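Have a look at the structure below before the remarks.
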4 protein chains.
Amino acid sequence: MSPPSPARRGELLGIAAEVFAEQGYNATTVREIADAAGMLAGSLYYHFDSKESMLDEILAGFLDELWAGYDGVLAAGLGPRETIEALVTASFREIDRHRSAVAIYQREARNLAVQPRFGYLAESQRQFERAWLGTLERGLAGGSFRADLDVRLTYRFIRDTVWVAASWYRPDGQHSPEVIARQYLSMVLDGITPRPS
Amino acid sequence: MSPPSPARRGELLGIAAEVFAEQGYNATTVREIADAAGMLAGSLYYHFDSKESMLDEILAGFLDELWAGYDGVLAAGLGPRETIEALVTASFREIDRHRSAVAIYQREARNLAVQPRFGYLAESQRQFERAWLGTLERGLAGGSFRADLDVRLTYRFIRDTVWVAASWYRPDGQHSPEVIARQYLSMVLDGITPRPS
Amino acid sequence: MSPPSPARRGELLGIAAEVFAEQGYNATTVREIADAAGMLAGSLYYHFDSKESMLDEILAGFLDELWAGYDGVLAAGLGPRETIEALVTASFREIDRHRSAVAIYQREARNLAVQPRFGYLAESQRQFERAWLGTLERGLAGGSFRADLDVRLTYRFIRDTVWVAASWYRPDGQHSPEVIARQYLSMVLDGITPRPS
Amino acid sequence: MSPPSPARRGELLGIAAEVFAEQGYNATTVREIADAAGMLAGSLYYHFDSKESMLDEILAGFLDELWAGYDGVLAAGLGPRETIEALVTASFREIDRHRSAVAIYQREARNLAVQPRFGYLAESQRQFERAWLGTLERGLAGGSFRADLDVRLTYRFIRDTVWVAASWYRPDGQHSPEVIARQYLSMVLDGITPRPS
DNA sequence: CATGAATGAGTATTCATTCAT
DNA sequence: AATGAATGAATACTCATTCAT
């Protein structure tokens with residue numbers, strides 16, 4: 001009768017996200033989530049409608065936070081290079097805070113996006129692409145980036161390069177998301193061969 | 001008229017690989033593979049022991065070919081930069097020829113590698129890492145690469161950069177694997193910002 | 001077009017009987033029979049209509065031979081004790097010659113007998129019971145057997161005692177069916193405790 | 001109202017045992033067990049891991065009880081003849097209480113015993129043989145049994161004689177297991193022909 | 001809130017059987 | 001006579017979900 005406590009829901013979502021990230025959504029049984037939460041499978045249904053709704057909440061929550069960060073960057077009116085740097089940094093910060101959600105997103109988004117319920121994934125991808133492509137084109141026109149770049153290829157290159165890091169990134173004391181972001185950026189922007197001084 | 005058994009197996013494996021790549025291994029039902037092959041689910045078992053053995057053959061076949069290419073490169077005695085270039089090019093060529101297998105590998109390898117049957121995946125990963133890390137360290141020592149690189153991070157950067165491309169790369173007339181490889185390499189080696197000439 | 005050779009059929013039936021006896025009818029696959037015969041599963045269907053028809057032929061053939069022996073004994077006009085001895089001996093002879101068929105019969109007859117196709121099994125059981133019960137009652141009336149015997153119980157006792165031997169009897173040089181029969185008979189007739197001389 | 005879990009398991013095992021005994025383990029489908037229990041096939045898996053584990057529990061439970069009885073007899077220090085009598089009586093008592101388990105054991109033990117999971121069946125058979133053979137040999141040496149007995153044959157004779165009764169024995173008011181045991185014993189010990197007084 | 005027990009739709013797999021060659 | 005390939009029905013088992021307590 002009384003509505004489920006939001007705090008408990010949050011805990012449970014965190015647990016579910018970890019298991020989904022570890023094993024994949026399809027390979028994860030509701031029972032495994034319940035085990036990890038110290039309850040029985042059926043009990044999860046007091047808090048959530050379905051396994052799919054857990055996934056939904058995890059992904060939607062992640063995208064909400066991500067776009068909060070991105071929108072701030074895009075609204076700041078930075079130059080193309082600085083925008084790229086800020087977006088990449090924001091992305092690594094998001095990986096740091098929602099690692100499991102990012103990993104789930106990486107693995108499942110493509111197949112989920114075709115379902116009506118997960119239409120917002122496709123929408124987010126479009127916005128994402130628009131933001132990055134726009135910035136790259138602006139930089140190309142202004143000479144911030146090499147003139148011979150294939151913009152779409154470069155977009156994919158940066159996008160994949162950044163997000164795939166979620167599959168191995170584990171937060172520890174040494175590598176803060178900002179440090180990782182700076183190292184990635186130095187490779188993406190300047191490459192791995194030495195520049196002639 | 002009807003092709004001999006090994007040819008049929010090959011056909012079926014190709015079909016299965018495409019469906020696995022499209023939907024994920026777990027989310028793919030044997031019935032879907034059979035549908036795609038124009039036969040009934042049970043009929044697949046005349047050719048294969050199990051769904052898992054199909055996956056096994058797909059991945060093992062891919063890794064065999066991949067290592068044939070890599071071993072050739074590594075035995076050629078090239079310099080570090082040329083080795084990286086050749087490895088990346090070999091990888092894109094492999095993506096071109098075994099796109100679905102690469103996509104499956106990307107998505108499933110981590111979870112499969114812990115199973116005894118798929119132990120060769122873990123072994124291949126170790127060899128893979130050794131080859132790349134060794135080359136990078138050699139280049140670092142010899143000045144082919146920037147002295148401030150974090151070798152492990154760079155390894156992951158290049159590795160992911162290349163393989164993730166399998167998730168969107170579709171061969172067409174314009175972008176041969178060699179062309180894609182060259183464009184990627186120019187970004188990885190020299191970055192996306194213009195070099196002061 | 002040309003009818004299958006009866007000789008080959010006989011061979012195949014013998015092989016099938018052995019596998020059925022070893023593993024049970026249900027647990028035996030047509031493929032296992034074919035393997036044992038050095039052919040492919042489908043090829044058996046040139047010789048037989050179905051797996052069930054193999055079972056049918058095996059059991060019918062065995063019962064035919066068995067009754068040939070029994071009828072001879074029953075028609076001979078022996079006394080009750082001699083009849084029992086002759087029936088037991090005939091049974092052991094049949095076990096010796098059709099061990100697998102007897103083993104199959106023991107294991108499957110009860111469940112098969114309810115099917116119309118195998119109605120002859122039930123019929124045979126009834127005849128069997130009539131022959132044994134009649135002999136025992138004749139012996140009881142004539143004083144050949146102990147007066148305090150429960151005839152039905154004794155019938156089951158002897159029947160089970162004899163036929164179950166098929167589950168372990170293996171023909172070898174030392175124990176001919178006649179020898180085994182004589183030893184059994186001495187136990188059944190005189191018991192295992194010493195008779196006061 | 002609803003009985004606690006172990007009781008329900010016991011109920012279900014009893015039902016499964018009856019169906020296995022009636023139709024044979026292989027010929028019994030999980031659905032048939034579920035039907036007999038008034039539930040759906042899948043629901044059985046809430047209580048048991050597999051069809052095989054039901055069989056396992058049934059057989060192990062039966063053997064545990066059987067050996068409880070046998071060990072009591074063997075430890076009592078009776079003479080050979082009294083030991084045989086007590087073992088036979090214990091066996092019929094067990095047939096009375098676990099009729100289906102005994103019938104399953106009779107039909108399936110030979111083929112199951114080779115599987116690692118059912119290794120305890122083979123072990124039990126060895127112990128069983130040791131107990132009976134030892135008793136028979138003791139009796140032979142001490143003159144309780146006829147000097148001309150073939151001990152192994154006699155062992156099989158008695159063993160089969162007793163256990164095969166499970167296939168037809170149905171408890172009713174008139175024939176308690178003790179009564180049946182006494183009648184069997186009188187035949188086994190003294191035979192069916194009259195003794196010269 | 002949580003449990004225990006069940007449902008029912010699905011899923012991989014098996015296997016007797018068929019049939020063109 | 002035998003093969004290779006397929007069919008189709010059945011079967012054990014899984015799992016998300018429901019619900020009375």
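Remember, it's a predicted structure, so these values are computed and weren't measured experimentally.
- With respect to C/E22 and D/R110, no salt bridge is recorded, no charged nitrogen being found less than 4.0 Å from a carboxylate O.
- The pair A/R107-B/E108 meets the salt-bridge criterion, since a charged nitrogen lies less than 4.0 angstrom from a carboxylate oxygen.
- E/dC1 and F/dT21 are spaced 22 Å apart, taking the P atom of each and rounding to whole Å.
- The distance from atom NE2 of D/H47 to atom C1' of E/dT3 is 14 Å, rounded to the nearest whole Å.
- Candidate nucleotides E/dT13, F/dT3, E/dT17 were compared by shortest atom distance to the side chain of C/S43, and F/dT3 ranks first.
- B/A27 and B/E32 get closest at one heavy-atom pair: O-OE1, 3.7 Å.
- Cation-pi check for D/K51 over D/Y25 is met; the charged atom lies under 6.0 angstrom from the ring centroid and within 45 degrees of its normal.
- Going from atom OH of C/Y46 over to atom C1' of F/dT3 covers 14 Å, rounded to whole Å.
- Here the closest non-hydrogen pair linking A/D56 and A/F118 is CA-CE2, 3.7 Å.
- Each of B/A41 and D/N26 has a nearest nucleotide on DNA chain F; the 5'-most of these lies closest to B/A41.
- For the pair C/F20 CZ and E/dA16 C1', the computed distance is 11 Å after rounding to whole Å.
- One can place CG of B/D49 at 15 Å from C1' of E/dC15, the figure rounded to the nearest angstrom.
- Of all the heavy atoms in D/S100 and D/A17, the pair that sits closest is CB-O, 3.4 Å.
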Query raised in the report: DNA chain E in dot-bracket, Watson-Crick or G-U pairs under 3.5 Å, [ ] crossing, | other strand?
Result: .||||||||||||||||||||
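- Place A/A27 and C/G38 on DNA chain F by their nearest nucleotides, and C/G38 ends up nearer the 5' end.
- Among the protein residues, D/T28 comes within range of the sugar-phosphate backbone only, with heavy atoms under 4.0 Å from sugar or phosphate atoms but none that close to a base.
- Between C/L44 atom CG and E/dT17 atom P there is a gap of 10 Å when expressed in whole angstrom units.
- Out of E/dA16, E/dA2, E/dT13, the shortest distance to the side chain of A/R8 is found at E/dA2.
- When the P atom of E/dT11 is taken as reference, atom CZ of B/R31 falls 9 Å away, rounded to whole Å.
- Nearest nucleotide to the C/T29 side chain, out of E/dC15, F/dA12, F/dT7: E/dC15.
- One can place CG of D/L40 at 14 Å from C1' of F/dT17, the figure rounded to the nearest angstrom.
- One can place CG of B/D35 at 14 Å from C1' of E/dT11, the figure rounded to the nearest angstrom.
- Mapped onto DNA chain E by nearest heavy atom, C/G42 and D/L12 fall at different nucleotides, with D/L12 at the one closer to the 5' end.
- Counting all heavy atoms, side chain and backbone alike, D/F48 lies closest to D/S53 at CB-OG, 3.8 Å.
- Under 4.0 angstrom from either OP1 or OP2 of F/dT14 there lies no side-chain N or O belonging to D/Y45.
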